Amino acid sequence: PVVLMASGIACIIFGSWVHCVYWLTTALALATHPLPDVAAPLARSRLSLALYRYFSYRWLWSGDDGEHGEAVAPFVGCGPPHGVLP
């Protein structure tokens, strides 16, 4: 992707319209090229599981806070980096 973007910028700056059409044709051909089905193995890889674990929330409830937390409407949480407040 980086080479494709850099070559597209270079084509716009230094190339002619013919070069830009060649670049666009190549980019469209690469965009429609089928990729192998590797979604399932990637979702279960050690790196993916470590990333899920790193970027997920851990909730600690005490008393009846758990029932109260499940009763409220869904929300998007926001936390400080690494869960550390100054």
Side-chain angles (χ1 to χ4, degrees):
V2 175
V3 173
L4 187 65
M5 289 181 359
S7 65
I9 292 170
C11 179
I12 291 171
I13 294 172
F14 302 113
S16 66
W17 286 107
V18 175
H19 292 115
C20 290
V21 169
Y22 288 153
W23 181 87
L24 184 62
T25 304
T26 304
L28 288 175
L30 290 173
T32 60
H33 188 274
L35 295 174
D37 186 23
V38 294
L42 285 179
R44 292 186 298 267
S45 71
R46 293 179 72 189
L47 176 64
S48 295
L49 293 175
L51 288 173
Y52 295 151
R53 198 171 294 128
Y54 183 77
F55 289 108
S56 65
Y57 281 113
R58 300 291 172 135
W59 295 99
L60 299 175
W61 304 106
S62 65
D64 61 347
D65 290 338
E67 290 109 23
H68 176 68
E70 292 175 358
V72 297
F75 62 94
V76 176
C78 179
H82 301 285
V84 178
L85 291 171

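Quantities reported herein were computed from a predicted structural model and do not represent experimental measurements.
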request  = Looking only at non-hydrogen atoms, find the nearest pair between Trp23 and Cys11 and report the distance.
outcome  = CB-SG, 4.2 Å
request  = Considering non-hydrogen atoms only, spot the tightest contact between Ala43 and Tyr52 and give its length.
outcome  =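 The pair with the smallest heavy-atom distance is O-CE1, 3.8 Å.
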key: Ser48 side chain to Arg44 backbone, donor-acceptor under 3.5 Å   = no
request  = State yes or no: do Leu47 and Tyr54 share one hydrophobic cluster built from I, L, V, M, F, W and Y residues joined by side-chain heavy-atom distances below 4.5 Å, directly or via other members?
outcome  = yes
query = If two hydrophobic side chains count as joined below 4.5 Å and joins carry through other members, does Leu24 share a cluster with Ile12?
reply =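 Different clusters: Leu24 never reaches Ile12 through Ile, Leu, Val, Met, Phe, Trp or Tyr contacts under 4.5 Å.
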